[in-house]
Every structure is written in C-alpha cells, then in structure tokens.
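Each remark here refers to the structure printed beneath this line.
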Amino acid sequence: MAQNRSINRENHEEEEENLKGAFTSSLIVGVIILLIWISVFMVYLNRI
Amino acid sequence: MINIPRYERIWLTLGIASIVIFLLLTGFMAVSMNLHPPNHMETIDPRTATTTAPFDSPGLRQIGPNEYELVIVARLFSFTPDTITIPSGAKVHFKVTTPDVVHGLEIPYTNVNMMVVPGHITEYTYTFKKAGDYLILCNEYCGTGHHLMLSRIVVE
C-alpha cells in the first residue's frame, strides 16, 4: 500500500512537471490576446 | 472536489479573471463614460419610413448649443442628404433608417459604424472634434451599386 502511494505521488509530480510547457504556452497565448485587446481598445479610445 | 493540477488552476484563474475584467470595463465605460454601441430600439414601418417625420425631411437640425440631430435616409444606392456641413466640436446625434435593404453607415477613422436595418431607427452620438472632410460609406453589401453608396460630412 505504502509503496503504491509513493508511486502515485511520483506520477502526480511528474504530471505537474509535464504541465510546465503547457502553462508557459498558454501564458504566451494569453499575453498575445491581451496585447491585441489593449491595442484595439486604444484605437477605440483615441477615436472618441 | 476534483483534483486540478496547480498550473492548470493558475491558467484557469487568469483566463476567467481576464473575461471578468473585460466585462467590468465595458460596464464601467457604459455607466461612467456613456459609451454605448449604436441603438436599434426604436422601430418604424419601412414602407412609410420616408414619409414619416423626421425622415420626410432628412438633414441637420440644431437642438442645443453646438448640438445637432442629423437625420439620414440610407437607400439603394445613396445617403440623403448628400453633403452635410457641421461646425467643429459639434455633438451630433445620428438618426438613420432605410426603406429598402440592410445598409451600413461608417465614417472611417471614427467610431461611427452603424448597421441600418429596415424597420429600425439606428441612433448613435458622436462629437466631431477635428475639422476636415469625413467620408460616409455603406459597409454592408446592399446590391450592385453598393460601392457607389457614399456621402460626405464637412466639419469646419
């Protein structure tokens, strides 16, 4: 049982580790969306 | 409780938070800065639109100090009136309708961009701060003469 649990924990940690790339790329996509949103919003505000 | 990995929790939180911020900002702009998209609430019978006031005599009408109501009829393939002269700094309340098909009314390089739908009166308010020639054009494909459908506003 104890062994099983430690294996599970290892698997879990490995999964967390594997999500680092996904996390970074989703942040990059998020920053791109934010920059586009801000630039369109600035165009709108400049034209009021 | 579902076990969500830590990183996933962070990006979900950021994503949901940004949607909430965008929506709050739109609401803030509507309430505090009075910024709204064009209004289509008022309706009109398109068959009698051009004989119903104020669309029976389209044009510019002064309604206050440097504040005007601009009544425009959009039809295949022109805007009435053709050329409009407006004093600089004037606040203009657009009131637009059409007796035929869906048109657009856009003034490039400004926030004036309306959809003109038969049966509805489209309203939008814009202040012309800079003097110059402004183009009014139709940006909804309305037929073979669509590209000829334009008009002019002169701000002086």
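FYI, side chains are in, hydrogens and waters are out, and symmetry mates aren't considered; it's all heavy atoms of this structure. Given the structure is predicted, the values throughout are model-derived calculations rather than measurements. Per chain, numbering begins at 1; letters A, B, ... match sequence-line order.
B/Thr125 and B/His93 share a side-chain donor-acceptor pair at under 3.5 Å. Side-chain contact check for B/Thr80 and B/Arg75: at least one donor-acceptor pair (N or O, by modelled atom type) lies under 3.5 Å.
Below 30°, between 30° and 60°, or above 60°: for B/Phe128 and B/Tyr134 the angle between ring planes is above 60°, a perpendicular geometry.
Residue contact with chain A, scored on non-hydrogen atoms closer than 4.5 Å, involves the backbone and the side chain of B/Tyr109 alike. Residue contact with chain B, scored on non-hydrogen atoms closer than 4.5 Å, involves the side chain of A/Leu45 exclusively. At a 4.5 Å heavy-atom cutoff, the contact between A/Leu34 and chain B is made by side-chain atoms alone. Contacts between B/Lys130 and chain A at a heavy-atom distance below 4.5 Å are absent for every atom of the residue.
Of the residues considered (A/Val43, A/Ile48, A/Leu27), A/Ile48 shows the highest number of contacts with chain B, using heavy-atom pairs under 4.5 Å.
Here the shortest heavy-atom pairing between B/Lys95 and B/Phe55 reads O-CE2, 3.5 Å.
Within a 6.0 Å radius of CZ in A/Phe41, more than 12 heavy atoms belonging to other residues, nucleotides or ligands are found.
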